[in-house]
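Got a structure for you, written out below as structure tokens; questions coming shortly.
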Amino acid sequence: MALVEISDVHKSFGALEVLKGVSLDIEKGEIVTIIGKSGSGKSTLLRCINALETINQGEIRFEGQPVSTTMPNLRTMRQKVGIVFQAFNLFAHMTIERNITLAPVLTGKVAKSEARPLALDVLERVGLADKIDAYPEQLSGGQQQRAAIARCLAMAPHLMLFDEVTSALDPELVGEVLRVMEEMARQGMTMVLVTHEMNFARNVATKLIFMHQGRVWEQGNPGELFDNPQTPELKSFIGAAA
Amino acid sequence: MPDLNFRPIWRYQDQLVEGVLTTLLLTAVATIAGLVIGIAGAVLIRSGPKPVRWLLRIYIEIIRNTPVLVQIFIIYFVLPSFGLKMTPIQAACVALSIYFGAYAIEIIRSGLDSIPKSQIEAGMCLGITRMQVLRHVILPPALRNIYPSVTSQFVLLLLGTSIASQVSADELFHVAGFIDSRTYRSFEVYTLICLIYFGLVISFKLAFAALGRLAFRWPVRR
Amino acid sequence: MRSFTVSDFLTIVTALKWTFLLVGIALACGGPLALLLALMRSGTARLPRWLATGFLELVQGMPLLGLLMFFYFGMPVFLGINVPAIVAVGIAYTVYTAAFLGEIWRGGIQAIKHTQWEAAACLGITRWQQFRYVIAPQAFRIALPATVGFLVQLIKNTSLASVVGFVELARAGQIVNAGTFRPLLVYSIVAAIYFVICFPLTTWSRTLEARFNGAR
Ligand SMILES: Nc1ncnc2c1ncn2[C@@H]1O[C@H](COP(=O)(O)OP(=O)(O)OP(=O)(O)O)[C@@H](O)[C@H]1O
Ligand SMILES: [Mg+2]
């Protein structure tokens, strides 16, 4: 059984069908990158995995359990699936420590007294231990994004979703975030990333998905797909990105 | 300069203190009741059933587009003919609560609306409950955003309680009329009364500013 | 006690002209004063800024009823002569309007970025011209919704002039009610008239606000 099983998922916003039958399996330990043109449905797919959107047709299973906005263990599922957004979405009114420990404490994962050591631990993993008492607005974009990743790590998720997490960053800050993600990949985290970082997709990912017009247009080994695209759409996409 | 004489007024210190207390009581009742109306109304007007949303809209528009004076008159003079007899103070409490509630709904709703959907989603994604998201993610920044409107609306309410004097509720302004009728020092009385209101308003403003600095310390982007 | 007749209705409706007169006086006299206060408060000169701030805080810290009484009983004290009620009441509403509009317009002026003043200064025009042609039009747009919102408050608050016996809409209602003793009918009519005047303004203010927020 794959960690995530996506079969024939359709999703529409009003009359606009954004996902037109997506099927995809994500195995434990895989690093899956999703590429594709703007509007091809990449973010929507990620949001469906986390039940932020209701799907119209098909099925998504996480650890064997059907995922939906009305599933019985919605919150337990979300505790196991971390998601990092392009716009960080840290809570501006909380210190970094509180941002990180809010969910673990509220869900009873850790006692209040162990919260700070937990925050320190995950912040060390993203190289931000010295910012534990800062507020989000006092950090650079790259630091905020690493803090957002740390916030997910604190829940010890089984799966992490990343939606263009470096797209809002100044070029010189992209590297620090990518390095954190590479390190997570090395440690065996299962990750699904939507990204425009082609080097990351080629060198770190174990699987590449090319989405086009709401469908998985091509998928496979990143190196093979990049060197030998089968469809004209992927060919031109790689050509435009290079 | 004509002769001003504040001395005869001093004899009415006790009444003045009573008046101030009644004014504060009216303000407190209307604030609490109004905030309750405001919170419930804001939640309902955002996500309640359609007929309820329409009724709330009508309530808000009627209250916001007619004078408080007329509202108080209607509640005090009209409700008794439906068997609802009230003392002036009770009528004033009801009228001011209804009045403040209408403004509170609009303010609180704007506060809830001011929190981007992405923040709420980020909260949901952490696997915490809706109530926890409301309490920890939405409420603090929403409160900060509406704090200036709430406090200035509170000041307007405090000053507005003076209108209750028009149905003889013996709050501060009504006390002024009483002292005036006893001493005939109209100008002195009303000057003093104005200064008392001013003192109350300034005290509240300073307290609110201090409270705001304490409660909302996190830095925000401007 | 007599029944409510058409002439009672007319009494109420004709009292509207006094309501409008008060609003007119308040805007005509209070408006320029408000502009002056707004400029004093947003300027750099310390003394005018303090004076304006003190005035605004003082007036905004007092009930309008208090202001009315203060000027009604104060005019004879200040001037040594009795003046018609309309003068005292007019002054009270002028002061009230100046304070609230002054605050709203200050907000509008200060919402304009400093760079706009600098850009205007680079054109080599006078400081007044900088304000008149560059700052004011932008500030006006920002402050317009709140200004219209205040106009609604002003119209509603003219009802308080009744306390010094000034027969505007609300007072006319009281008088008619005293004769007919039909409070539900009379005050409903009075409320409805206020509503008919204020509701379009409130709606307009909200539209302006939404358009402005949308444009940002
Ligand atoms: N909540 C929504 N309501 C209506 N339409 C939406 C909504 N969310 C997304 N869409 C539409 O769905 C389509 C796919 O959006 P999606 O965000 O999944 O694309 P994407 O592949 O992530 O693009 P990008 O690279 O620009 O982020 C777009 O046409 C978008 O306008
Ligand atoms: Mg996207």
Side-chain angles (χ1 to χ4, degrees), chain B residues 1-4 23 60-82 106 110 152 155-156 158-166 172-174 176-177 180 184-205, chain C residues 19 57-80 100 103 149 152-153 155-163 168-171 173-174 177 181-203 206:
Chain B
M1 199 67 199
D3 60 323
L4 290 181
T23 289
I60 293 170
E61 295 304 341
I62 289 180
I63 297 303
R64 286 176 50 131
N65 290 297
T66 55
V68 200
L69 180 67
V70 177
Q71 291 162 19
I72 290 189
F73 280 167
I74 289 182
I75 286 184
Y76 186 64
F77 294 119
V78 176
L79 288 192
S81 54
F82 294 97
E106 294 275 79
S110 77
S152 62
V155 167
L156 289 177
L158 171 64
L159 296 174
T161 57
S162 60
I163 296 172
S165 62
Q166 300 308 301
L172 185 55
F173 207 81
H174 190 253
D180 178 20
Y184 300 104
R185 309 302 312 187
S186 310
F187 179 68
E188 290 89 333
V189 170
Y190 286 107
T191 305
L192 178 67
I193 291 294
C194 282
L195 289 177
I196 295 177
Y197 275 106
F198 180 66
L200 290 175
V201 167
I202 286 293
S203 313
F204 275 113
K205 277 190 179 173
Chain C
T19 296
E57 285 294 332
L58 198 62
V59 175
Q60 295 191 348
M62 293 173 176
L64 178 54
L65 279 181
L67 284 179
L68 279 161
M69 294 301 203
F70 178 82
F71 286 104
Y72 185 73
F73 293 115
M75 293 317 290
V77 178
F78 303 142
L79 303 174
F100 279 86
E103 181 76 21
V152 173
Q153 296 298 328
I155 294 170
K156 292 191 296 175
N157 279 336
T158 54
S159 62
L160 299 183
S162 57
V163 295
E168 41 57 68
L169 193 50
R171 181 75 193 159
Q174 280 176 290
N177 182 44
F181 209 69
R182 302 282 301 276
L184 176 61
L185 178 65
V186 172
Y187 289 124
S188 299
I189 291 174
V190 171
I193 295 176
Y194 277 111
F195 186 84
V196 165
I197 300 166
C198 294
F199 181 66
L201 289 172
T202 306
T203 309
R206 200 176 299 129

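Since this is a predicted model, take the numbers as computed values, not measurements. A, B, ... follow the sequence lines: proteins, then strands. Residue 1 opens every chain.
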*Please determine, among B/Ile196, B/Thr191, B/Val155, the option with the most heavy-atom pairs under 4.5 Å with chain C.*
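Most heavy-atom pairs within the cutoff with chain C belong to B/Thr191.
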_For B/Ser162 against C/Leu65, the heavy-atom pair lying closest together_ =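 Heavy-atom minimum between the residues: O-CD1, 3.4 Å.
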*Check whether C/Thr203 gets within reach of chain B through its side chain, its backbone, both or neither, counting any heavy atom under 4.5 Å.*
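Looking at C/Thr203, nothing touches chain B.
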*Got a sec, which residues hit side-chain hydrogen bond (donor to acceptor under 3.5 Å, both in side chains) with C/Arg182, two or more places apart in sequence or on another chain?*
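Once residues adjacent in sequence are excluded, C/Arg182 has no partner under the side-chain hydrogen bond (donor to acceptor under 3.5 Å, both in side chains) criterion.
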*asked:* Would you say that C/Leu184 contacts B/Phe82 through its side chain, given a criterion of any heavy-atom pair below 4.5 Å between the two side chains?
replied: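 C/Leu184 vs B/Phe82: side chains touch.
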*Considering all heavy atoms, the nearest B/Phe73-C/Gln174 contact*: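 Minimum heavy-atom contact is CZ-NE2, 3.3 Å.
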*Heavy-atom pair with the smallest gap, counting every atom of C/Lys156 and B/Pro67*: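 That closest heavy-atom pairing would be O-CB, 3.5 Å.
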*Using a 4.5 Å cut-off on heavy atoms from C-beta on, say whether the side chain of B/Gln71 contacts that of C/Tyr187.*
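They are not in side-chain contact.
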_Part of C/Leu58 lying under 4.5 Å from any heavy atom of chain B_ =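 Contact with chain B involves both backbone and side-chain atoms of C/Leu58.
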*ring-ring contact (aromatic ring centres under 6.0 Å, His included) between B/Phe187 and C/Phe70, worked out*: CA-CA 6 Å; B/Phe187 179 68; C/Phe70 178 82; 5.2 Å; yes
_Pairs meeting criterion salt bridge (Lys or Arg N to Asp or Glu O under 4.0 Å) with involvement of residues 62-82 of chain B, two or more places apart_ =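 Output for this query lists B/Arg64-B/Glu106.
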*Counting only heavy atoms closer than 4.5 Å, note whether C/Gln153 contacts chain B via side chain, backbone, both or neither.*
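Side chain only.
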_Heavy-atom pairs under 4.5 Å with chain C, option from B/Phe77, B/Phe198, B/Tyr197 with the top count_ =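 Max contact count across the listed options: B/Phe198.
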